[in-house]
Engineer: 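Dropping the structure in here first, questions after.
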Amino acid sequence: MCGIFGISSPSDVTPTLLEALEKLEYRGYDSCGLSIAGEDGQLQIRKGAGPVQRVASEERFSELQGHWGLGHVRWATHGRVSRLNAHPLIDSYGDIAIVHNGILQGYESLRSELASAGHTFLSETDSEVIAHLIEKNLKDGLKVEDAILECARQLQGTYAIGVMTRQEPGVLYALRNESPLLIGVGEDFHCFSSDPLTLGGLTDQVIWLEDGEMARIDRNSCRLLSIADGREIKREPETVTISAQAVDLNGHPDFMSKEIAENGTVVKTALSIEEARIDSIVEAILQSKRTVLTGVGTSYFVALMGQYMISELADEFTPAMSSDELPHMVPLKDSDHVLAISQSGETYDTLRALRLSRARGANLSAILNVESSSMAREVDQYLNQGAGPEICVLSTKSTISQLTLMLRVAVRLGERKGVLSGQTLDDIKSDMAALPARLDSIASGDHGMIRDLARRHSVMRNWFFIGRGIQHGLALEAALKFKEVTYCHAEGMSAGALKHGTISLIDDAMHTVIFLPGTETDELRQHAIGAIAEISTRGGKVICFQPSSSPPPEPRPEFIIESPSAGPWTTPLLQLMQAQLFAYYTAKALGRNVDKPRALAKSVTVG
């Protein structure tokens, strides 16, 4: 999940490269680096381990000057987090610099072959073989363009690669295979990037690179080539809307708290999306023999909660599958429909699942938050969440927005099928309309109880998060959010599954969070309450999240966190916001970096 950027321009590119790295940092902040050169072609490389601002200060990026260059932010896969493993990486003589996002397969044999021929490797990465392969091809007499193409033909795996060489001042090469990459076209410059976000304020003219393609750019021109046979490809730039989005904290101490506070706003946006867009997804479900919901990580848990919504509200079975396993578990057919969920629209596992589904003839839909993403271009129809940029690596407001759209799809599907009607339908719609205000009331309300609870229990290192029905999916997502930001062990599961083995772990060192529905689903509530008795009997401590209109469960938990009174389908969203706050305040009590937790990246674009 690295990010790359390159630019060739008549003016100094250092400020632009540095700004691009800051915008790409959500893709990885283990290390970063720049390679910049002037008209003499001499490559100046500075890099280091750590986030962009710190490395830029320590390595004095601002001292560099040049008209063309490369930048990279790294999320480590091959090789430790270190300065030597940071990109850009170079060849034996420092004449070639490369940046790479992706994972190369079978690189060990290439590395061994090159080492035997006298090449010295300085890093532990898979990526360094790229620079040395290009070096070898140049020594064999190939021109730069052909040497890079020949290198790419020897690579297996996924990549977005940027290359600059001393031999061709002002020229950059960009290559793509299953990793996002686009070209930005300006009046007197060209650039490439992993994310159109970096082009905000620079240009709105882009050329999308496809898999198996290479671009050769300089300040005045861009030429696309097929990697396989070197033939030239003609493709005109497209105009896209890329705002130079501000990243103001607006008085909040960090982006995680700011984005949790925006839950009500993004739900209002999701509810305002015209019904015709919702119907495009509903129609795809109705016209297919089978619909599979998919996502990975948080998005999978959204899909799972969506499965409960569609099952109960539309009487339709739409199994939720984690997209990393979907290709191995579901034999899709041309009569099937896949609805994918992805905040970035670039999630590797989900894109791979969609592409394999497309190859089998399935109709494809998506719920996403980036209209300029690969996923938006590849599916048949999609819903744009319009939730705005999410700077914190953890997904909070985007998750609430996705759940709102899943609920809208479920309700509309039930309405179209005649399963939902009359007062029941009116009550659900009224409950949905009231959701933004209820979320806002949590944001502006007193967080004292949740904050004190988090501080008091921050010493606990092991947690269970449990629930029944749709609260099962909620428990999984709440556990994920908690472990991501606190670094404490947290396991989500169905409350009914607890007694089937896992209960052996219950003791006074294990705390449990349980999410209870209201009394309108009393049978499900009573089943979940049974787990409280099982835990309490064994000396475990329980924290309960439930609607304020519900009576205290018996046996009584150690603490009860009440959400605003609401219907059964919006209560889980209110409880999820409170769980986000619980994770946030626990992490703050432990001194964690809530916006950039260790080892994580916002957009997972590698397999």
Side-chain angles (χ1 to χ4, degrees), residues 2-28 32-38 52-53 56 61-62 64-73 87-88 99 101 160-164 169-176 179-209 213 215-224 235-248 344-346 369-374 376-377 388-391 602-603 605:
C2 305
I4 70 173
F5 184 86
I7 183 168
S8 181
S9 167
S11 56
D12 180 26
V13 299
T14 303
T16 303
L17 277 165
L18 185 54
E19 183 178 351
L21 293 192
E22 290 173 343
K23 290 180 177 179
L24 289 171
E25 195 170 23
Y26 73 90
R27 302 174 76 92
C32 63
L34 299 177
S35 175
I36 292 178
V52 172
Q53 283 192 349
F61 283 3
S62 61
L64 296 172
Q65 283 192 328
H67 299 300
W68 52 298
L70 302 171
H72 186 274
V73 292
H87 296 215
V99 289
N101 170 40
I161 299 170
V163 183
M164 63 189 296
V171 177
L172 297 171
Y173 293 87
L175 303 90
R176 169 180 168 154
S179 288
L181 201 59
L182 70 153
I183 308 299
V185 181
E187 290 186 5
D188 61 354
F189 73 88
H190 284 81
C191 63
F192 62 81
S193 180
S194 296
D195 191 329
L197 176 67
T198 58
L199 305 188
L202 290 176
T203 181
D204 62 357
Q205 299 297 301
V206 305
I207 299 172
W208 306 102
L209 274 188
E213 292 180 352
R216 180 197 185 275
I217 66 172
D218 56 35
R219 66 185 63 169
N220 299 313
S221 65
C222 173
R223 192 159 56 93
L224 303 186
R235 186 174 303 136
E236 293 299 314
E238 298 177 21
T239 302
V240 297
T241 302
I242 308 169
S243 62
Q245 296 159 321
V247 288
D248 192 347
S344 67
E346 299 290 354
N369 196 38
V370 182
E371 277 200 293
S372 56
S373 63
S374 298
R377 299 194 306 276
E390 202 171 43
I391 306 303
K602 184 73 175 175
S603 179
T605 60

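Values reported hereafter were calculated over all heavy atoms of this structure, with side chains retained and with hydrogens, waters and symmetry mates removed. Quick note: residue numbers are just sequence positions, from 1.
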Engineer: What is the minimum heavy-atom distance between Leu209 and Ala215, and which atoms define it?
Structural biologist: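 Minimum heavy-atom separation between Leu209 and Ala215: CD2-CB, 4.1 Å.
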
Engineer: Has Gln53 got more than 12 heavy atoms of other residues, nucleotides or ligands less than 6.0 Å from its CD?
Structural biologist: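 It does not: Gln53 CD has 12 such atoms or fewer within range.
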
Engineer: Can you name the nearest heavy-atom pair linking Met164 to Ala37, along with the distance?
Structural biologist: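 The pair with the smallest heavy-atom distance is CE-CB, 3.9 Å.
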
Engineer: Please report the closest heavy-atom contact between Leu24 and Gly3, naming both atoms and the distance.
Structural biologist: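 Heavy-atom minimum between the residues: CD1-C, 3.9 Å.
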
Engineer: Evaluate the side chain to side chain contact (heavy atoms under 4.5 Å, CB included) criterion for residues Thr239 and Gln205: first the C-alpha distance (whole Å), next the side-chain angles of each, then the deciding distance (0.1 Å), finally the verdict.
Structural biologist: CA-CA 5 Å; Thr239 302; Gln205 299 297 301; 2.7 Å; yes

Engineer: If you take all heavy atoms of Val52 and Glu25, which pair is closest and at what distance?
Structural biologist: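 Reported closest heavy-atom pair: N-OE2, 2.7 Å.
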
Engineer: As a quick check of understanding, evaluate side chain to side chain contact (heavy atoms under 4.5 Å, CB included) for Leu175 and Val163, giving each step before the final call.
Structural biologist: CA-CA 9 Å; Leu175 303 90; Val163 183; 4.3 Å; yes

Engineer: What pair of heavy atoms forms the shortest contact from Tyr173 to Phe192, and how long is it?
Structural biologist: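 For Tyr173 versus Phe192, the nearest heavy atoms are O-CE2, 4.0 Å.
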
Engineer: Taking Trp68 as the fixed residue, which of Pro10, Cys191, Ser9, Pro169 is the one that meets the side chain to side chain contact (heavy atoms under 4.5 Å, CB included) rule?
Structural biologist: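 Between Trp68 and the candidates, side chain to side chain contact (heavy atoms under 4.5 Å, CB included) is satisfied uniquely by Pro169.
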
Engineer: Taking Lys23 as the fixed residue, which of Asp195, Ile391, Thr198 is the one that meets the side chain to side chain contact (heavy atoms under 4.5 Å, CB included) rule?
Structural biologist: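 Exactly one pass, corresponding to Thr198.
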
Engineer: Of all the heavy-atom pairs spanning Cys32 and Val73, show the shortest one and how long it is.
Structural biologist: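 Closest pair (atom of Cys32, atom of Val73, distance): CB-CG1, 4.1 Å.
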
Engineer: Asp12 side chain to Gly66 main-chain N or O, any donor-acceptor pair under 3.5 Å?
Structural biologist: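 Confirmed, Asp12 side chain pairs with Gly66 backbone.
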
Engineer: To the nearest 0.5 Å, how far apart are OG in Ser194 and CD1 in Ile4?
Structural biologist: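 If I round to the nearest 0.5 Å, the distance is 4.5 Å.
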
Engineer: Mind checking whether Val240 and Pro196 have side chains closer than 4.5 Å, heavy atoms only?
Structural biologist: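 They are not in side-chain contact.
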
Engineer: Roughly how far apart are His72 NE2 and Leu21 CG, rounded to 0.5 Å?
Structural biologist: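 Rounded to the nearest 0.5 Å, the NE2-CG separation comes out at 9.5 Å.
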
Engineer: Can you sort out the partners of Arg377 under side chain to side chain contact (heavy atoms under 4.5 Å, CB included), two or more places apart, ordered by chain and number?
Structural biologist: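 Scan of Arg377 (side chain to side chain contact (heavy atoms under 4.5 Å, CB included), adjacent residues dropped) gives Arg176, Trp208, Ser374.
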
Engineer: Output a table of donor-acceptor pairs, distance under 3.5 Å, between side-chain atoms of residues 180-190 and any protein atom two or more places apart or on a different chain; print 'none' if there are none.
Structural biologist:
| from | atom 1 | to | atom 2 | distance (Å) |
| --- | --- | --- | --- | --- |
| His190 | ND1 | Asp218 | O | 3.0 |
| His190 | ND1 | Arg219 | O | 3.3 |

Engineer: Answer whether the closest heavy-atom distance between the side chains of Phe5 and Leu199 falls below 4.5 Å.
Structural biologist: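 They are in contact (side-chain heavy atoms under 4.5 Å apart), so the answer is yes.
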
Engineer: Quick one: OG on Ser35 to CG on Leu64, what's the gap to the nearest 0.5 Å?
Structural biologist: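 The CG atom of Leu64 is 9.0 Å from OG of Ser35, to the nearest 0.5 Å.
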
Engineer: If you measure from CG on Leu34 to CZ on Phe61, what distance do you get to the nearest 0.5 Å?
Structural biologist: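 CZ of Phe61 is found 4.5 Å from CG of Leu34.
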
Engineer: Atom CG in Leu70, atom CG in Leu172: separation rounded to 0.5 Å?
Structural biologist: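 The distance works out to 5.5 Å.
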
Engineer: Could you tell me whether the side chain of Ser8 and the main chain of Gly170 form a donor-acceptor pair under 3.5 Å?
Structural biologist: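 Answer holds: yes.
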
Engineer: State the OG1-NE2 distance between Thr14 and His67, to the nearest 0.5 angstrom.
Structural biologist: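 Atom-to-atom, Thr14:OG1 and His67:NE2 are 10.0 Å apart.
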
